[in-house]
Amino acid sequence: MAFDHVTWIKAASYLGSGLAVGFGAIGAALGEGYTAGKANQVLAYRPRMSGDILKTMLVGQAVAESAAIFALVISMLLVFGGLGGPTPLSAWAYLGAGLAAGLSAVGSGVGSGFPAAAACEGIGRQPKASGQVTLIMLIGSAITQTPCIFGLVIAFLLMFVDFSAKPYYPYWAALLGAGLSTGLAAIGPGAGGGLVGASACKSVARHPEAQRPVTTAMLVGIGTTQSTAIYGFLISLILLFKSFPASTSYVPSFALLGAGFAMGFGGIGPGIGEGITGGYALDQVGRIPEKATLLTRTMLVGQAVSESTGIYSLVVALLLVLNA
Amino acid sequence: MEELTKVWTWSLDVAGFHLVFNATTIVMTLTIMGLLIAFGWFATRQTGLVPNPFQVVAELFVETFWNLTKDALDEDMAKTYFPLICSLFMFLLLCNWIGIFPYMEEPTKDLNTTLGLGLMGFFIAHYAGIKTKGFAAYAKEYFQPVFFMMPLNVIGELAKVISISFRLYGNIMGGSIIILVVSHLVYGLLIPPFLYAFFGLFVGTVQAFVFTMLTLVYISVQVK
């Protein structure tokens with residue numbers, strides 16, 4: 001068996017492809033299943049609304065599915081894209097691309113299911129508000145996809161930017177770390193953003209006239225929930241485009257890989273935590289729309305505190321990258 | 001796919017410093033400023049009870065953002081900060097939308113623009129906080145809940161600048177990268193217009209709104 005770099009690159013792109021679609025399939029399926037379950041539950045006591053609820057369910061599931069479709073696209077490109085490269089560095093780039101696309105689809109897939117489920121429930125309860133509920137569901141689940149889109153962007157950059165002039169050490173770790181950082185850090189914010197969107201759908205169904213304050217609070221809430229996904233994206237961009245000196249030792253490589261893991265895992269918890277904060281806040285914005293400003297402010301302060309652990313990760317990741 | 005990382009720059013050597021200007025960003029920012037000034041001139045030229053189309057759009061912006069600013073801040077403070085908030089949104093909206101026209105590039109695709117605007121919001125919010133509460137009360141907040149939390153509170157404040165500017169930059173830059181790569185893969189057929197509609201119009205509007213609202217809420221957190 002000959003193990004030249006062409007073999008390695010092929011092997012890595014097949015492995016990356018498998019990881020992309022494997023991880024990518026987890027989240028969307030969970031989210032869609034949850035949506036369908038809720039739709040069934042509502043249909044049991046609102047059988048006459050079956051058309052509306054079925055339509056909302058399918059639209060919501062389609063949005064949740066798009067996370068998995070992004071991962072599928074990357075997976076297909078890795079297998080059939082005719083990708084290659086002059087140096088073994090490309091192997092790590094393709095592995096990183098698969099991980100970025102796959103892992104980042106987990107959170108957004110689950111998350112996009114929550115607003116869809118809440119919308120089915122809301123329409124069952126308040127059939128007259130069905131237009132407003134569908135609109136806020138679409139905005140909420142589309143914005144929930146943002147962490148997944150960051151993963152897709154990093155995957156595209158890893159696959160299509162030419163890194164061949166860079167030294168193998170420590171760049172192999174930088175490329176793999178870039179994929180891990182965005183991919184892992186997107187899991188929490190994706191799921192958390194969905195919790196905020198779900199509460200927004202519930203609130204609009206309860207008080208259709210509170211649509212505007214709820215939309216504003218929801219966008220701010222999902223926006224802050226995604227902060228750690230943005231830090232992960234930032235670390236990935238630094239890992240991809242900062243120039244690191246060539247080295248003969250393994251130490252700088254592992255510092256860069258560590259930075260990717262630090263920000264990636266560090267981003268999961270704050271994303272979910274901030275999503276829970278935002279969800280409860282949005283619940284109350286729907287109940288007492290005139291207190292929306294106070295609630296939004298308190299939500300933001302609470303989210304900032306719950307994000308502090310993500311900021312520790314960001315600081316450690318930056319220190320690791322700068323010392324490498 | 002060299003276009004992915006290509007940037008047009010102007011270089012200049014002044015007094016021993018090597019300065020690099022991002023030519024596309026500067027030209028596009030000036031274009032958008034010109035368009036906004038023209039829009040303002042048309043909107044206020046012949047105001048009347050039966051408004052011209054520009055006036056209708058301008059009234060929509062002003063009314064929406066006046067209500068949002070008034071809700072977040074008090075009425076007299078809203079008068080100070082409303083022009084900033086409304087023009088910030090209009091500027092960002094035009095920045096994010098201009099990418100849908102051929103040969104035009106979004107200034108918000110450049111980190112310098114978004115980081116600059118993020119720092120502007122940061123300094124304005126902290127200035128507003130010091131002005132309303134006084135410096136002692138403002139500084140005391142950094143030593144909450146215990147005094148040794150001070151460095152973490154400062155880092156937390158700085159992280160807000162990073163998250164607000166990278167949110168806009170990441171979304172717009174990410175959208176343009178996806179459009180570029182997908183257009184290349186499908187030879188520009190069929191799919192790109194839908195991508196422009198989603199990333200240019202929808203995501204652009206939402207992110208411009210989120211940036212503006214977060215700037216407003218940061219000010220309101222500081223003054224309360």
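Each chain gets a letter, A, B and so on, in the order its sequence line appears, and its residues count up from 1. Values below: all heavy atoms of this structure, side chains included; hydrogens, waters and symmetry mates excluded.
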Query - Shortest non-hydrogen contact from B/Ala159 toward A/Ile311 - result: CB-CD1, 3.5 Å
Measure [X] against the heavy atoms of chain A and call it side chain, backbone, both or neither at under 4.5 Å.
X        : answer
B/Leu68  : side chain
B/Val182 : side chain
B/Phe211 : neither
B/Val210 : side chain

Would you compute the distance between atom [atom1] of [X] and atom [atom2] of [Y] and round it to the nearest 0.5 angstrom?
X        : Y        : atom1 : atom2 : answer
A/Arg297 : B/Gln222 : CZ    : CD    : 11.5 Å
A/Gln145 : B/Phe198 : CD    : CZ    : 7.5 Å
A/Ile230 : B/Ile162 : CD1   : CD1   : 11.0 Å

For [X], does the [atom1] atom have more than 12 heavy-atom neighbours from other residues, nucleotides or ligands under 6.0 Å away?
X        : atom1 : answer
A/Lys291 : NZ    : no
B/Trp97  : CH2   : no
B/Tyr196 : OH    : no
B/Glu59  : CD    : yes

**Report entry** B/Thr64 and A/Arg212: CA distance, side-chain angles, deciding distance, side chain to side chain contact (heavy atoms under 4.5 Å, CB included) verdict
**Finding:** CA-CA 10 Å; B/Thr64 313; A/Arg212 282 174 74 171; 3.6 Å; yes
Let me know if [X] has heavy atoms under 4.5 Å from chain B in its side chain, its backbone, both or neither.
X        : result
A/Leu77  : side chain
A/Val305 : neither
A/Ser308 : neither

Query raised in the report: Pick from A/Thr296, A/Thr216, A/Thr224: which one has the most heavy-atom pairs with chain B under 4.5 Å?
Result: A/Thr216
Query raised in the report: Based on non-hydrogen pairs under 4.5 Å, which of A/Asp162, A/Ile139, A/Thr293, A/Val73 is most in contact with chain B?
Result: A/Thr293
Side-chain contact, heavy-atom cut-off 4.5 Å: [X] with [Y]?
X        : Y        : value
A/Leu237 : B/Tyr169 : yes
B/Asn171 : A/Phe233 : no
A/Ile143 : B/Phe202 : yes
A/Phe156 : B/Leu180 : no

Requested in this report: Go through B/Ile178 and A/Ile149 one step at a time and tell me if the side chain to side chain contact (heavy atoms under 4.5 Å, CB included) criterion holds.
Outcome: CA-CA 9 Å; B/Ile178 290 176; A/Ile149 290 171; 3.6 Å; yes
**Report entry** B/Arg167 side-chain N/O to A/Gly223 backbone N/O, donor-acceptor pair under 3.5 Å
**Finding:** yes
Requested in this report: Examine distances only and state if a side-chain atom of A/Ser227 and a backbone atom of B/Ser163 form a donor-acceptor pair shorter than 3.5 Å.
Outcome: no
Query raised in the report: Where do B/Leu214 and A/Leu300 land on the side chain to side chain contact (heavy atoms under 4.5 Å, CB included) test, with the steps shown first?
Result: CA-CA 9 Å; B/Leu214 280 176; A/Leu300 215 65; 4.3 Å; yes
